[in-house]
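Every chain is numbered from 1 and lettered A, B, ... according to where its sequence line falls, protein lines coming before strand lines.
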Amino acid sequence: MVMKLHEYQAKEIFAEAGIPVPESHLASSVDEVMEAVDEIGYPAAIKAQVHVGGRGKAGGIKIATDEAEARQAAEDILGMDLKGYTVGKVLVEAGVDFENELYVGITMDRNEGKPVAMVSTEGGVNIEEVAEETPEAIAREHIDPAFGLHPYQARKIVFEAGIPRDVAFDVASFLSTLYDLYEANDASDIEINPVMITSDRDVVAADAVMNIDDDALFRHDDLAAMEEDSYEDELEAKAGEYGFDYVRLSGNVGIIGNGAGLVMTTLDLVDYYGGTPANFLDIGGGAKAERVANALDMVFSDENVDSVVFNIFGGITRGDEVAKGINEALESFDEIPKPVVVRLAGTNAEEGMEILNTDLVQVEGTLEDAVQRAVENAQEVSQ
Amino acid sequence: MSIFVDDDTRVVVQGITGGEGKFHTRQMVEYGTNVVAGTSPGKGGQDVDGIPVYDTVSEAVEKEDANASVVFVPPAFAADAIFEALDTDLDLVVAITEGVPTQDMAKVNKRLSETDTRLIGPNCPGIITPGEAKLGILPGNIFEEGNVGLVSRSGTLTYQVVSNLTERGIGQTTAIGIGGDPIIGTSFVDALEAFENDPDTHAVVMCGEIGGEDEEQAAKFIAENMDTPVAGFIAGRTAPPGKRMGHAGAIVSGSGTGTAESKISALNDAGVPVGDTPNEVADHIEDFL
């Protein structure tokens, strides 16, 4: 998984490393926006600071050329709902008088097992279409992680991309700095789209995307401190607190299991037998009773859930611990909120079956039977 | 026969004195694995259940003639542990650790390409040749000796499919969990190639999942290079784009690459039947045998 930085956070990091960015101020109220534009002048861009792609197209970025427009933009954007996220902060940024928009990015190419740098003269909002339709318009260069990006590689990719000669070396040095940041911060992706070439032929980072590999956060306390929780809904936030891998979906069959592949398979089977999955919830390996109880609490908290299937194939997870957790969670209710189907296999499954309070749950012996029963339960409840 | 591990595999456990390392060393020994040494820097000279502990892997290799290692070292130190193992020319390194930073793995991957050592994992359940040796955390009791090879990106899904096979009396030559991370040592293609060259493997199960292009590459390899029949399973048909399903590698990107449909159709085109359920995969294997 990745930890996403906001544009303003990434730009702070870029600026510190010497990458030119437009003058900007962070604001969280209309008054603060007005103070900022007073200082910066016009035109100014008001940009929502939320973790969604395509902010501009969704109305999260507006250009103001005078005070009235700035106030209107601030009122429109602050507090707006942008693809499920509420905008609490905007970046107020000096408008850039640009002649060209470039794309510059670094990401991990998993097929090659090494980072790849990408540069294109066709930057701007349609870079995804460019990547899809004319991939040759994006120059690419793989990077040996043992050496880093050699200066010649940065030059090579810039010339290959056809960057105007008068700014080619500036863009190459940009790219070298970006790779240093990519490596030093354990980034999973860094992207500047667009890099603007101004009318004065300066090169400026007009946007900034930087995502951090969260498996590496243990060695980046400074970055970890920048994390701003912005879950799409409160259940995903709750899952974050419990430390579950959880994804909320739109169906009504709640799913709990151990191991990503098996949980995904359980979702697929719910769909295969005519139901709709409500979530992905992986309790992980070696879960103890409390964690199991928390998982049930999670799924019962989703009001869309009409039925639950609990599928455990124990390797390092033990069936007796799972059974204890299920009993604990369900015995605390006067009435079980939704029918629960349990299937236990693998390590200590027999011990688990002995412990499991079968007055509270329905038990099935195979994955297929358990899923089918849960789908039937959901259909009965929702009728 | 089998692939990668057998009775002759001499195992050193890296991180043998930690909780996980100690527990699974016992399980491996109980299964019959020849664990000859462990390492734990600073604890050389101690022992775990009579297994000698060394400060370094090179000492363990020198003194106990180990030819394979299993890594149970925490994520912050896992890449270093793999580098250490790679420097001793072991035949095989199995990295169980979950949560190794991706850029660490990119560096490991580079070093790996310069050695003859095979790496399995990280973030994997390991490898088992039933009746001979188990390197990792797979529950030994669900496996049975036989003629079906199995390679999978997921741990518990492997157990599910293996139990579907074993229940029908279909045993396994070797089962490998290659791991759910974006950068891993042994790929589907590597494992399939080894199974193809193993005369005792009469059919192969391949369990893939959404994300990346490994399954598509495997399909191409099967079509061009394999006579041994393969049956497949792909997890994540219902996964929405942009959401990571547990494994760091299991994500359908916004532009639609790494989807289950793409993988299933690539496998079908290569003549590989893909089961809708794990049990259907076992049906296909039964038909092959």
Side-chain angles (χ1 to χ4, degrees), chain A residues 1-2 53 108 110-115 128 131-132 143-146 182-183 186-188 213-219 245 247 249-251 257-265 267-272 276-277 280 282 284-286 311-317 345-347 366-368 371, chain B residues 20 23-24 75-76 98-107 109-111 113 125 137-139 141-142 152-160 163 180 182-184 207 209-214 217 233-240 243-250 254-255 260 276-279:
Chain A
M1 205 62 172
V2 299
M108 186 64 75
R110 58 190 283 183
N111 289 322
E112 296 288 329
K114 50 178 85 157
E128 264 118 33
E132 195 79 10
I143 299 162
D144 183 333
Y182 175 86
E183 194 186 14
D186 272 295
S188 60
D213 173 6
D214 69 0
D215 283 334
L217 280 180
F218 66 83
R219 58 190 174 206
D245 275 326
V247 177
L249 302 163
S250 55
N258 65 324
L262 188 56
V263 180
M264 270 191 271
T265 300
L267 263 68
D268 295 348
L269 288 186
V270 165
D271 178 69
Y272 179 72
T276 50
F280 169 100
D282 178 4
N311 178 52
I312 298 294
F313 206 118
I316 49 177
T317 307
T347 309
T366 69
L367 171 59
E368 286 85 355
V371 169
Chain B
E20 294 274 298
F23 177 78
H24 289 291
E98 178 178 358
V100 183
T102 307
Q103 291 202 23
D104 286 5
M105 278 312 300
K107 293 186 176 83
N109 188 52
K110 161 73 178 173
R111 176 80 184 100
S113 69
I137 61 175
L138 311 110
N141 61 333
I142 61 172
S152 170
R153 256 161 83 178
S154 153
T156 49
L157 178 57
T158 308
Y159 312 159
Q160 174 65 46
S163 73
I183 300 179
I184 53 176
C207 296
E209 63 190 31
I210 52 165
E213 289 167 27
D214 287 12
Q217 286 166 4
F233 186 79
I234 300 292
R237 296 172 187 225
T238 48
K243 296 279 191 185
R244 190 188 79 154
M245 303 305 257
H247 283 157
S255 57
D276 285 326
T277 69
N279 208 29

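Considering only heavy atoms from C-beta on, Leu249(A) comes within 4.5 Å of Pro240(B) through its side chain. In this structure the side chain of Thr265(A) reaches within 4.5 angstrom of the side chain of Pro278(B), judged on heavy atoms. You'll find the side chain of Lys114(A) stays beyond 4.5 Å of the side chain of Asn109(B), heavy atoms only.
Inspection of the Glu368(A) and Asn279(B) side chains reveals no N or O donor paired with an N or O acceptor under 3.5 Å.
Residue Thr366(A) holds its OG1 atom at 8.0 Å from CD of Gln160(B), rounded to the nearest 0.5 Å. Interatomic distance, Asp268(A) CG to Thr277(B) OG1, rounded to the nearest 0.5 Å: 11.0 Å. Rounded to the nearest 0.5 angstrom, Ile312(A) CD1 and Thr156(B) OG1 are separated by 8.5 Å.
Only the side chain of Asp213(A) comes within contact range of chain B, judged by heavy atoms closer than 4.5 Å. For chain A, the nearby part of Phe233(B) is the side chain; its heavy atoms alone come within less than 4.5 Å. Proximity to chain B (any heavy atom under 4.5 Å) is shown, for Phe313(A), by both the backbone and the side chain. With a 4.5 Å cut-off on non-hydrogen atoms, Asn258(A) touches chain B through its backbone and its side chain both. Residue Leu138(B): no heavy atom, backbone or side chain, is found under 4.5 Å from chain A. Heavy atoms of Ile183(B) lying under 4.5 Å from chain A belong exclusively to its side chain. Both the backbone and the side chain of Glu183(A) come within less than 4.5 Å of a heavy atom in chain B. In this structure, chain B has a heavy atom under 4.5 Å from the side chain of Leu269(A), while its backbone stays farther away. Using a 4.5 Å cut-off between heavy atoms, Ser154(B) contacts chain A through its side chain alone, with no backbone atom that close. Contacts of Arg153(B) with chain A are made by side-chain atoms alone, with heavy-atom separations under 4.5 Å and no backbone atom involved. Neither the backbone nor the side chain of Glu98(B) comes within contact range of chain A; no heavy atoms are under 4.5 Å apart. For a residue to count as touching a neighbouring chain, one of its non-hydrogen atoms must lie under 4.5 Å from one of that chain's; by this rule Thr347(A) touches chain B with the side chain only. Looking at Asp144(A), only its side chain comes within 4.5 Å of chain B, counting heavy atoms on both sides. Within the 4.5 angstrom heavy-atom criterion, only backbone atoms of Ile234(B) (N, CA, C, O) approach chain A.
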Determine, step by step, whether Arg237(B) and Asp271(A) satisfy the side-chain contact (heavy atoms from CB on, under 4.5 Å) criterion, reporting the C-alpha distance in whole Å, the side-chain angles of both residues, the deciding distance to 0.1 Å, and the verdict.
CA-CA 9 Å; Arg237(B) 296 172 187 225; Asp271(A) 178 69; 5.8 Å; no
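Summarising the geometry of Gly261(A) relative to Ala235(B), their closest heavy-atom pair is O-CB, 3.7 Å, with the distance given to 0.1 Å. Considering every non-hydrogen atom in both Pro145(A) and Ala106(B), the closest pair reads CG-O, 3.4 Å. The minimum heavy-atom distance linking Gly315(A) with Tyr159(B) is given by the pair CA-CE1, 3.8 Å. Of all non-hydrogen atoms in Gly236(B) and Met264(A), the two that sit nearest each other are CA-SD, 3.6 Å. Counting all heavy atoms, side chain and backbone alike, Pro101(B) lies closest to Ala216(A) at CB-CB, 3.8 Å.
In this view, Asp245(A) and Arg244(B) satisfy the side chain to side chain donor-acceptor pair (under 3.5 Å) rule, not counting sequence neighbours.
Taking Asp282(A), Leu217(A), Val247(A) one by one and counting their heavy-atom pairs under 4.5 Å with chain B, the maximum is reached by Val247(A). With respect to chain A, the highest number of heavy-atom pairs below 4.5 Å among Lys110(B), Met105(B), His24(B) belongs to Lys110(B).
Distance alone, capped at 3.5 Å, is enough to place a donor-acceptor pair between the Gln103(B) side chain and the Tyr182(A) backbone.
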